[in-house]
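What follows is a single structure, written as structure tokens, with notes after it.
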Amino acid sequence: MPTARAPFVPPGSGWPEDPANPGTPVAHGPADVIELAAEAPGLGELCARQSVCRACDRLVEWREKVAVQRRRAFADEEYWGRPIAGWGDPEPRVLIVGLAPAAHGGNRTGRIFTGDRSGDWLFASLHRVGLAARPTSVHAGDGQRLIGARMAATVRCAPPDNKPTPVERTTCLPWLAREVEMVAPSVRCIVCLGGFAWQGVWPALRQAGYGLPRPRPKFGHAVEVELAAPPSASHPDPVLLLGCYHPSQQNTFTGRVTEEMLDAVFVRARDHH
């Protein structure tokens with residue numbers, strides 16, 4: 001791949017696992033996101049459209065600025081610089097939802113939860129419990145794959161200070177809601193990494209047809225909530241929603257999250273029937 005400091009990788013230019021091509025339709029505002037998500041004919045095309053979205057000016061400017069300026073440790077690497085699409089098994093039993101990609105993580109590597117310390121912890125745990133083929137996820141195209149699991153985010157672009165605005169979360173919601181709807185037939189458990197992901201997934205679950213309890217349960221580590229399966233589910237049984245503290249550096253350094261805590265959540269997710 002060339003190492004010119006381009007703001008993003010053009011769709012279909014040869015980046016590993018790039019779901020898009022030069023003809024993939026691009027959303028330029030909230031109305032486009034709603035339309036293009038609703039009209040996506042399949043999961044692959046939905047992910048392609050997610051990966052070229054330009055609906056939020058602030059996020060587009062930030063992710064592309066980071067891709068040009070880069071962190072010194074990655075100065076010789078080309079940055080993805082585009083939204084991060086959902087990734088993993090197209091018919092997952094376990095759906096893992098996070099907040100947003102990291103500026104020098106997914107925004108650099110082109111894969112969700114990949115290329116930063118949080119992802120290192122996450123993939124190591126998934127591998128230990130049998131949900132990932134390898135203990136590390138370094139870059140798109142590195143041979144890593146998820147086993148019966150899929151990853152998505154409530155916001156698909158790296159935000160400044162890791163804090164998307166409420167408007168940005170609302171604009172991005174149709175991408176997540178449609179993905180949740182498409183994989184719902186096989187999903188038995190949904191794991192939310194962190195409180196922001198917990199907040200962001202509820203409207204997507206509602207739009208996808210899940211029956212939700214009221215009032216909304218509070219987020220906590222290992223909190224469990226049973227959801228009524230949507231009409232599209234291939235089974236009538238409740239779907240388990242699990243809370244999990246985010247494996248951020250702050251949480252792992254302080255011991256708020258340990259390997260044992262992560263593994264326990266994913267074993268519960270893996271074994272839920």
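Within the structure, salt bridge (Lys or Arg N to Asp or Glu O under 4.0 Å) pairs that include any residue of residues 21-46 comprise Glu45-Arg49 (at least two apart or interchain). A side-chain hydrogen bond (donor to acceptor under 3.5 Å, both in side chains) check over residues 146-159, counting only residues at least two apart or in different chains, returns the pairs Gln50-Arg156, Arg150-Glu179, Arg156-Glu179. Pairs passing the salt bridge (Lys or Arg N to Asp or Glu O under 4.0 Å) check and including a residue from residues 229-246, sequence neighbours excluded, read Arg188-Asp237.
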Full working for salt bridge (Lys or Arg N to Asp or Glu O under 4.0 Å) between Arg178 and Glu181
CA-CA 5 Å; Arg178 184 80 166 115; Glu181 178 188 3; 3.5 Å; yes
Show your working on side chain to side chain contact (heavy atoms under 4.5 Å, CB included) between Val239 and Leu241 and close with a plain yes or no.
CA-CA 7 Å; Val239 173; Leu241 180 67; over 6 Å; no
Is there a side chain to side chain contact (heavy atoms under 4.5 Å, CB included) between Arg268 and Leu240? Walk through the geometry before answering.
CA-CA 10 Å; Arg268 179 76 175 103; Leu240 187 65; 3.8 Å; yes
When you look at Arg5 and Arg70, which way does the side chain to side chain contact (heavy atoms under 4.5 Å, CB included) test go after all the steps?
CA-CA 9 Å; Arg5 291 181 179 255; Arg70 305 180 183 175; 3.6 Å; yes
Yes or no on side chain to side chain contact (heavy atoms under 4.5 Å, CB included) for Leu43 and Val183, after CA distance, side-chain angles and deciding distance?
CA-CA 8 Å; Leu43 187 59; Val183 301; 4.1 Å; yes
Decide yes or no on ring pair (Phe, Tyr, Trp, His ring centres under 6.0 Å) for Trp15 and His139, but give the supporting numbers first.
CA-CA 10 Å; Trp15 188 278; His139 203 281; 4.9 Å; yes
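In this structure, Arg134 contributes its side chain and Asp142 its backbone to a donor-acceptor pair below 3.5 Å. His235 places no side-chain N or O within 3.5 Å of a backbone atom of Ser186 that could act as its donor or acceptor partner. With hydrogens and angles ignored, the 3.5 Å screen pairs a side-chain donor or acceptor of Asn21 with a backbone N or O of Gly23. For Ser51 (side chain) and Ala48 (main-chain N/O), a donor-acceptor pair under 3.5 Å exists by modelled atom type. With hydrogens and angles disregarded, no donor-acceptor distance shorter than 3.5 Å links the side chain of Arg256 to the backbone of Asn251. Between the side chain of Arg63 and the backbone N or O of Ala158, no donor-acceptor pair lies under 3.5 Å. In this structure a side-chain-to-backbone donor-acceptor pair under 3.5 Å is present from Thr171 to Val167.
Leu131 contributes atom CG, which lies 8.0 Å from atom CG of Leu146 (distance to the nearest 0.5 angstrom). Expressed to the nearest 0.5 Å, how far OG of Ser137 lies from CZ of Arg145 amounts to 13.0 Å. Remark: Asp263 CG to His127 NE2 distance equals 11.0 Å, nearest 0.5 Å. Atom OG in Ser13 sits 6.5 Å away from atom CG in Asp18 (nearest 0.5 Å).
Residues passing the salt bridge (charged side-chain N to carboxylate O under 4.0 Å, His left out) test with Arg169: none are found, sequence neighbours excluded. Residues satisfying the salt bridge (charged side-chain N to carboxylate O under 4.0 Å, His left out) test with Asp271, not counting sequence neighbours, are none. The side-chain hydrogen bond (donor to acceptor under 3.5 Å, both in side chains) search around Glu17 returns Trp87, Arg111, not counting sequence neighbours. Partners of Arg93 according to the salt bridge (charged side-chain N to carboxylate O under 4.0 Å, His left out) rule, which considers only residues two or more places apart in sequence or in another chain, do not exist here. The ring-ring contact (aromatic ring centres under 6.0 Å, His included) search around His246 returns none, not counting sequence neighbours. In this structure, the ring-ring contact (aromatic ring centres under 6.0 Å, His included) partners of Tyr245, at least two apart in sequence or on a different chain, are His221. For Arg270, there are no salt bridge (charged side-chain N to carboxylate O under 4.0 Å, His left out) partners two or more places apart in sequence or in a different chain.
Heavy atoms only, all atoms of each residue included: Val155 and Leu59 are closest at CG1-CD1, 4.0 Å. Minimum heavy-atom separation, Leu262 to Cys244: CD2-SG, 3.6 Å. When all heavy atoms of Ser118 and Ser248 are compared, the closest pair comes out as OG-CA, 3.4 Å. Nearest approach of Thr114 to Phe123, heavy atoms of both residues: OG1-CE1, 3.8 Å. Closest of all the heavy-atom pairs between Val52 and Ala20 is CG1-CB, 3.8 Å. The minimum heavy-atom distance between Pro101 and Gly106, with the atom names listed, is CB-CA, 4.3 Å.
One hydrophobic cluster, built from ILVMFWY side chains closer than 4.5 Å, cannot hold both Val94 and Leu99; they sit in different ones. Note on Ile96: it clusters hydrophobically with Val267, by side-chain heavy-atom contacts below 4.5 Å among ILVMFWY residues. Hydrophobic clustering places Phe219 together with Met261 (ILVMFWY residues linked when any side-chain heavy atoms are closer than 4.5 Å, directly or through intermediates). The hydrophobic cluster containing Val223 also contains Leu227, counting ILVMFWY residues as joined when their side-chain heavy atoms lie under 4.5 angstrom apart, directly or transitively. In this structure, Leu95 is a member of the same hydrophobic cluster as Leu212, with clusters built from ILVMFWY side-chain heavy atoms closer than 4.5 Å.
Looking at heavy atoms from C-beta onward, Leu36 lies in side-chain contact with Trp175 at the 4.5 angstrom threshold. A heavy-atom distance below 4.5 Å is not found between the side chains of Leu126 and Phe113.
Trp62 belongs to a hydrophobic cluster whose remaining members, ordered by chain and number, are Val66, Phe74, Tyr79; membership requires side-chain heavy atoms of ILVMFWY residues under 4.5 Å apart, directly or through intermediates.
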Name every donor-acceptor pair, under 3.5 Å, that has one atom in a side chain of residues 190-206 and the other anywhere in the protein, sequence neighbours excluded.
| residue | atom | partner | partner atom | Å |
| --- | --- | --- | --- | --- |
| Trp198 | NE1 | Pro217 | O | 3.1 |
| Trp202 | NE1 | Trp198 | O | 3.2 |

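A 6.0 Å sphere centred on CD of Glu224 holds more than 12 heavy atoms belonging to other residues, nucleotides or ligands. Within a 6.0 Å sphere centred on CZ of Arg216, heavy atoms belonging to other residues, nucleotides or ligands number more than 12. Open room surrounds CZ on Arg117; 12 or fewer heavy atoms of other groups in view lie less than 6.0 Å from it.
Judged by the 6.0 Å and 45° rule, Arg54 forms a cation-pi pair with Phe8.
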